[in-house]
Structures are given as structure tokens and as C-alpha cells.
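Naming convention: chains lettered A, B, ... in sequence-line order (proteins, then strands); numbering from 1 in each chain.
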2 protein chains.
Amino acid sequence: MPRRVDHAERRGHLVVALLRVAARHGLHAVTMRSVAAEAGVSLRLVQYYFDTKAELLLAALRQLEQQSSQRWAARVAALPQDTDPRAVVEAFLAEALPTDGASRDFHLVWTSYAVLAMTDPDLAAQPFVDGPRRLETHLADILRRAQDQGRLPAGREPAAEATRLLALTHGLGTSLLVGHHSVDTARDAVTYHLDQLFTEVER
Amino acid sequence: MPRRVDHAERRGHLVVALLRVAARHGLHAVTMRSVAAEAGVSLRLVQYYFDTKAELLLAALRQLEQQSSQRWAARVAALPQDTDPRAVVEAFLAEALPTDGASRDFHLVWTSYAVLAMTDPDLAAQPFVDGPRRLETHLADILRRAQDQGRLPAGREPAAEATRLLALTHGLGTSLLVGHHSVDTARDAVTYHLDQLFTEVER
DNA sequence: GCGTATACGATACATTCGTATCACAACATC
DNA sequence: GATGTTGTGATACGAATGTATCGTATACGC
């Protein structure tokens, strides 16, 4: 077999091309031909590595998923063991907000997929509920530990705070993408929220 | 002229058909023909009332905008003059969350448009920044008055709180649409946030 | 060295899309 | 009642898209 290039590697290459097209011109501009052109290969090649367009789209979605959890895990692992809980949460928010170009592209495509999944039942909606749920429980754990250490006011409900954090950053993220917020105003909103969240309260 | 039906009325009829199609099968399923079929008219008619597809899409977007501000204004006008500030904010959130079917459809289509506007420069992105900004300042005004009345703790920053409220409900809304949240969990999150927002704080 | 599975090019096909064209009916104005 | 504007149907056209088909070159097992 003329396995001149690795099969999985070539598929990854095509997926990257898809994501580039989607980030630049939208998910609706993703066609077999546009992906082929972006990757610099023939239409037949895209067909060869992905029998159908649906399969290609799904592969790209799966790669987005794994890329997201990988990046988040790397961010957390890079922090010292005894980092201040607020700093950990801040690291999460920095990752979850589409600030730089790459992050912006990622979130744009992810949101495009989410909107598509709202009406297309064949596209699995599972990633869009499982992923956030994992993040939510993870965040809740962090907050719970912070509370045990006395670094988060007792009045706060860790699970509810995690939900709030996630919804807030998600909302800020899309507001940033459509141009309602700038990177600075979004960051300010996050800082304000964390101030309100972590400052001690006495009734 | 055989003005058997009002021009504007017919256009409105077609726009409604578009929104129904978009809510059911997604904005990508909106074609001249699908809109015609949904409205029960011929393709030629859609062409006649909207020279181009872009014009049809824009008209639908404008109707969404106006429908949104109208509904919000009606909600506020329905409240007694001296309603508790928290109740006013709650009325806003009830309107902004896609709880019932109609509201769900509205938010789904709106989000679809927003995602489209992220990559398509010809589609005006202005509605997606102007609309939220108006709501934000309006909310900030309400909160500021509440603070003057002593019904909102002094530690809160009205403008920042308005931003937070908007981003939170927006994030909860899309989470609801993709199935991450249920109506109940979203409502709980809102209630929790309002509790944290309005309860007195003494340092 | 020969068959065979893998990898890829070129091209064709049916469908769908936005848009254009041709025809005609209804009504208003003079 | 001729005429022109407005409203509506039927159909056509070119472009784009997903997918299928035919052909061929490369490399490996034997």
C-alpha cells in the first residue's frame, strides 16, 4: 500500500483546512471544494478521506472538542499546585474568552456548530451539553475547595457559582464576537464579577 | 392597480413564513422556495415582494429587532409605576430567556442571525450591538434608581451589573437552546444571581 | 513478476439554489 | 375603451454542490 502519508495525519490536515474556512467565511461556506482548495488538494482527496460531508463535519467537531479540553487541561497543569483559587478561575476565564485571534476563531466555529445543532438533529448535540457540564463540575470543585479553605465566602453556593461563571463567560464571549464588547470591556466585566464573588460578606 | 392585498401586509406574511422555517430547520434551510412553500404562495411572489434574497433576510432581521423591543416595552409598561426594582429586572429576564415555544423560536433565529453576521460583512452587524447596548443602558438606569432608593446595596456598580445581567441571561439562553440547561435550572440560576445582587452587604 | 489493495486524478451527474424571462390578468386613469 | 401600471403564474438558466464513476499509478504480499 502506498502509505506515503499517514492516514490520520492527512485527515487532520483536512480538518484544519475546514476550520480555517469556517472561521474566515462561516460554517455555511464549508464545502467539499472549499476545504480541498484551502488544503491545496483535489476534491477527490477530500472525498477519499471522508466518505461524506457529514463525516467531515463531525470529525472537525470532535477535533474542536478535544482541542478545547486539552487546552484547558494544559492551562490548569501549568499552574503551581497551591495557586490561589481566584487565579485558577481567572485562568479558566482567560481560556474561555475569545481574546486573541486563534481563540476567536475557535469560539466562532464552536458557536456556529452549536447553532447548527439546535435545528439539525443528525448533528450530535451531545458535545454541547457534555463539554460545558464537565467544565461546570470542575469549576464547582475548585470553588468548593476554595470555600473549605476559607478563601470563598460561606454565603456562596459553589455549584450555582460555577453555573453563573460559565453562563457569564459564554455570554461575554459571543457578545465579543458580534462586536458588542471589546476585549477590554469583557475583561473588566470578568474582573468585576470575580471581585463580587470573592470579597468577604458579613450580614 | 389591483391592490387586492396590502403590500406591507403581504411582506409581513412572507417574513413570518421565513421565521417559521428558520426556527424549525435553521437559517440555512431558508430559501426562496422554502419560504414560498411555507407561506403557501408561488416562488414568483416571494421574488416580487423581495427583489433579492438578501433583502428578504434583512427584512426578517429588522422585524425581529422591532418585535423584540416592542415586547420588552410592553412588559415594562404592564408593570405598576412603583414596582419593586427586582421585579422589574425579573420581568426583563423572563422576557430575555427562551422559556416558552415562541420565545425559543425567536432566540434561536436571532442567534442564527448573529452567528451569520460574525462572518458575513454584508449582513449588518449593527443590530447585534445596538440592541443589547440599549437594553444595557436601560437596565443600568433601573439599577441606578434602585440604588438611589436604597433598594440595591451601595457596593454594586449599576453599569457593571447591567452588563453582568445581560451576559448572564444571554449565556443561559443559548445554553438552554442547546439543551445544556432546562427551563428550571436556568430560572434557578437567575434567581440565585438576583439573590446575590440585591441582598444587603455590610463589610 | 504478478495480482491486488491503496491512493489519487479527471470528470460526470443529478439536484438545488438564486435569479431572469415571458406571458397574462386585474384594475386605474384618461 | 384604449393604455399603462401592478400583481401573479409558469418556466428557464447558469452556477454551485454532494456524490458517483472511471481510470491509473504506486507499493506490498507472494
Side-chain angles (χ1 to χ4, degrees), chain A residues 1-22 24-61 109 112-113 116-117 119-123, chain B residues 1-22 24-61 112-113 116-117 119-124:
Chain A
M1 324 148 187
R3 179 68 45 92
R4 288 195 284 232
V5 299
D6 187 45
H7 200 82
E9 183 182 339
R10 184 75 96 158
R11 282 171 63 103
H13 186 209
L14 292 176
V15 163
V16 168
L18 184 154
L19 297 179
R20 274 207 302 266
V21 173
R24 185 147 21 97
H25 298 114
L27 203 52
H28 63 275
V30 168
T31 69
M32 296 277 149
R33 285 169 175 85
S34 67
V35 171
E38 179 74 27
V41 299
S42 71
L43 166 63
R44 181 66 179 86
L45 256 177
V46 182
Q47 273 191 278
Y48 183 73
Y49 286 100
F50 298 95
D51 281 352
T52 173
K53 185 187 179 181
E55 192 186 333
L56 173 59
L57 283 170
L58 248 167
L61 176 56
V109 179
S112 302
Y113 266 102
L116 196 65
T119 52
D120 261 350
D122 27 323
L123 191 65
Chain B
M1 326 148 184
R3 181 66 48 91
R4 290 195 282 229
V5 297
D6 186 45
H7 200 83
E9 184 182 339
R10 183 77 95 158
R11 283 172 63 103
H13 185 209
L14 292 176
V15 163
V16 168
L18 184 155
L19 297 179
R20 273 206 303 265
V21 173
R24 187 149 18 99
H25 297 114
L27 202 53
H28 63 276
V30 168
T31 69
M32 296 275 149
R33 286 169 174 86
S34 67
V35 171
E38 180 74 26
V41 300
S42 72
L43 166 63
R44 180 65 180 87
L45 255 175
V46 183
Q47 273 191 278
Y48 182 73
Y49 287 101
F50 298 95
D51 281 352
T52 173
K53 186 187 178 182
E55 192 186 334
L56 172 59
L57 282 170
L58 248 167
L61 175 56
S112 301
Y113 267 101
L116 196 65
T119 51
D120 261 351
D122 27 323
L123 190 65

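Shown are B/L19, B/L18, B/V41, B/L45; of these, the side chain to side chain contact (heavy atoms under 4.5 Å, CB included) with B/V35 is made only by B/L18.
Atom-to-atom, NE2 of B/H25 to C1' of C/dC17 comes out at 18 Å; the value is rounded to the nearest Å. If you take NZ of A/K53 and P of D/dA20, they are 15 Å apart, rounded to a whole angstrom. Going from atom CG of B/D122 over to atom P of C/dG18 covers 15 Å, rounded to whole Å. Regarding A/R33, its CZ atom lies at a distance of 13 Å from the C1' atom of C/dT16, rounded to whole Å. Nucleotide C/dC8 holds its P atom 5 Å from the CZ atom of A/R10, rounded to whole Å. In this structure, the CD atom of A/Q47 is 14 Å from the P atom of C/dC8, given to the nearest Å. Taking atom CG of residue A/L18 and atom P of nucleotide D/dG18, one finds them 11 Å apart after rounding to whole Å. For the pair A/H28 NE2 and C/dT16 C1', the computed distance is 17 Å after rounding to whole Å.
Residue pairs that meet the side-chain hydrogen bond (donor to acceptor under 3.5 Å, both in side chains) test with at least one member in residues 37-48 of chain B, sequence neighbours left out, are B/R20-B/E38, B/R24-B/E38.
In terms of phosphate contacts, B/T52 brings no side-chain nitrogen or oxygen within less than 4.0 Å of OP1 or OP2 of C/dG18. Taking 4.0 angstrom as the limit, A/Y48 places none of its side-chain polar atoms (N or O) nearer than this to OP1 or OP2 of C/dC8. Under 4.0 angstrom from either OP1 or OP2 of C/dA7 there lies no side-chain N or O belonging to A/Y49.
Rounding to the nearest 0.5 Å gives a distance of 6.0 Å between OH of B/Y49 and NE2 of B/H7. Interatomic distance, A/M32 CE to A/L56 CG, rounded to the nearest 0.5 Å: 5.0 Å. Summarising the geometry, atom CZ belonging to B/R33 is positioned 5.0 Å from atom CG belonging to B/L43; distances are rounded to the nearest 0.5 Å. One finds the CG atom of A/L61 at 11.5 Å from the OG atom of A/S112 (value rounded to the nearest 0.5 Å). Interatomic distance, B/D120 CG to B/Y113 OH, rounded to the nearest 0.5 Å: 11.5 Å.
The stretch residues 36-45 of chain A comes close to DNA chain D through A/L43, A/R44, each having a heavy atom under 4.0 Å from the strand.
For A/H7, taking side-chain heavy atoms from C-beta onward, the closest of the listed nucleotides D/dA12, D/dG18, C/dA7 is C/dA7.
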